[in-house]
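Each remark here refers to the structure printed beneath this line.
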There are 2 protein chains.
Amino acid sequence: MSVPLYQAKAEMFRTLGHPVRIRVLELLQAGPRPVRELLSEIDVEPSNLSQQLAVLRRTGVVVSFRDGGLVMYALSTPDVAELLAAGRRILGAVLADRDGLLAELNAHPPAG
Amino acid sequence: MSVPLYQAKAEMFRTLGHPVRIRVLELLQAGPRPVRELLSEIDVEPSNLSQQLAVLRRTGVVVSFRDGGLVMYALSTPDVAELLAAGRRILGAVLADRDGLLAELNAHPPAG
DNA sequence: TGCCGAATTGCAGAAGTCTTCAATTCGGGT
DNA sequence: ACCCGAATTGAAGACTTCTGCAATTCGGCA
């Protein structure tokens with residue numbers, strides 16, 4: 001497998017590695033939304049949101065188009081929703097492992 | 001949904017956002033491997049690989065244990081493989097869209 | 001044309017990440 | 001105890017990303 005392909009994969013994941021960008025993608029799972037609405041649901045400066053949307057656009061995970069006076073954003077492919085779902089599962093598994101380990105530690109004091 | 005949870009999700013994706021870390025995870029899909037072997041397959045300094053492995057460990061996507069004189073690494077959950085697969089699909093979709101658009105542009109010159 | 005809200009861009013300082021070096025830890029074998 | 005290879009850690013400099021401000025673009029509408 002070629003080196004640039006690893007670069008592309010890494011870039012794709014790095015694109016998702018930001019709280020605002022994650023929130024945007026989760027909101028877009030329910031369908032296209034105008035910037036205005038994203039702004040009202042995510043506590044962030046307009047210029048900052050624009051920057052983050054630009055990052056998502058550059059990588060191609062979202063697309064934008066105009067609808068009347070508003071700019072709309074949408075997921076470029078439903079696969080993105082799957083990626084987020086897989087991420088949630090891993091997070092769940094990791095946290096469960098941690099809690100499980102913590103619980104086990106508590107159940108068996110130092111001498112155990 | 002709480003703000004720290006978005007932080008955790010973002011951190012989880014950011015963890016994958018590095019070519020060396022992606023390669024490590026892909027190699028680990030086939031089963032646990034010693035650091036030594038990862039080193040021989042990824043062209044990177046030992047200390048650098050260690051740093052990247054530490055990042056993966058911190059987030060909990062991999063675990064490590066000792067086997068004889070070697071340190072082994074393994075995926076902490078098979079869900080990680082699914083995440084990588086979803087990433088591949090999106091990358092495919094995005095690149096196909098780009099190529100498709102490019103092809104269409106070439107098929108319909110300026111006047112079209 | 002001129003105005004208004006919507007959205008983006010440019011920029012600069014702060015904050016974080018990456019890479020490599022040298023130094024260190026850790027077990028295993030003798 | 002000593003040495004050796006395996007792996008990790010610490011730290012510094014180069015580089016990238018993030019954030020908020022001000023300035024700008026863009027479309028729609030009077």
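In what follows, every chain begins at residue 1, and chains take the letters A, B, ... in the order their sequences are listed.
For the pair A/Glu45 and A/Arg14, nearest-nucleotide mapping onto DNA chain D gives the more 5' position to A/Arg14. Taking the nucleotide of DNA chain D with the nearest heavy atom to each of B/Gly69 and A/Ser47, the more 5' of the two is matched to B/Gly69.
C/dT19 atom C1' lies 9 Å from atom CD of B/Gln51, rounded to whole Å. What separates CD of A/Glu11 from P of D/dT17 is a distance of 9 Å, to the nearest Å. What separates CG of B/Leu16 from C1' of C/dT17 is a distance of 16 Å, to the nearest Å. Distance, B/Leu56 CG to C/dC18 P: 11 Å, rounded to whole Å. The distance from atom CZ of A/Phe65 to atom C1' of C/dA7 is 15 Å, rounded to the nearest whole Å. Between the OH atom of A/Tyr6 and the P atom of C/dC18 there is a distance of 18 Å, rounded to whole Å. Whole-Å rounding puts the A/Asn48 CG to C/dT9 P distance at 14 Å. Rounding to whole angstrom units, CZ of residue B/Arg58 and P of D/dT8 are separated by 12 Å.
Here the side chain of A/Arg36 is nearest to one of D/dC18, C/dA6, D/dC21, namely C/dA6.
Among A/Leu83, A/Asp79, A/Leu25, the one residue that satisfies the side-chain contact (heavy atoms from CB on, under 4.5 Å) test with A/Val61 is A/Leu25. With B/Gln52 as the partner, the side-chain hydrogen bond (donor to acceptor under 3.5 Å, both in side chains) test is satisfied by one option alone out of B/Arg23, B/Arg21, B/Arg57: B/Arg21.
With B/Ser40 contributing its side chain and B/Glu37 its backbone, the two residues share a donor-acceptor pair below 3.5 Å.
Neither OP1 nor OP2 of D/dT16 sits under 4.0 Å from any side-chain N or O of A/His18. Within the structure, a side-chain polar atom (N or O) of B/Gln52 is placed less than 4.0 Å from OP1 or OP2 of C/dT19. Close to D/dT8, at under 4.0 Å from its OP1 or OP2, lies a side-chain N or O of B/Tyr73. OP1 or OP2 of D/dC26 has not a single side-chain nitrogen or oxygen of A/Arg66 nearer than 4.0 Å.
With rounding to the nearest 0.5 angstrom, the CG atom of A/Leu53 is 9.5 Å from the CG atom of A/Asn48. To the nearest 0.5 Å, atom CG of residue A/Leu27 and atom CD1 of residue A/Ile22 are 11.5 Å apart.
Using a 4.0 Å heavy-atom cutoff across all strands shown, A/Leu39 reaches no nucleic acid atom at all.
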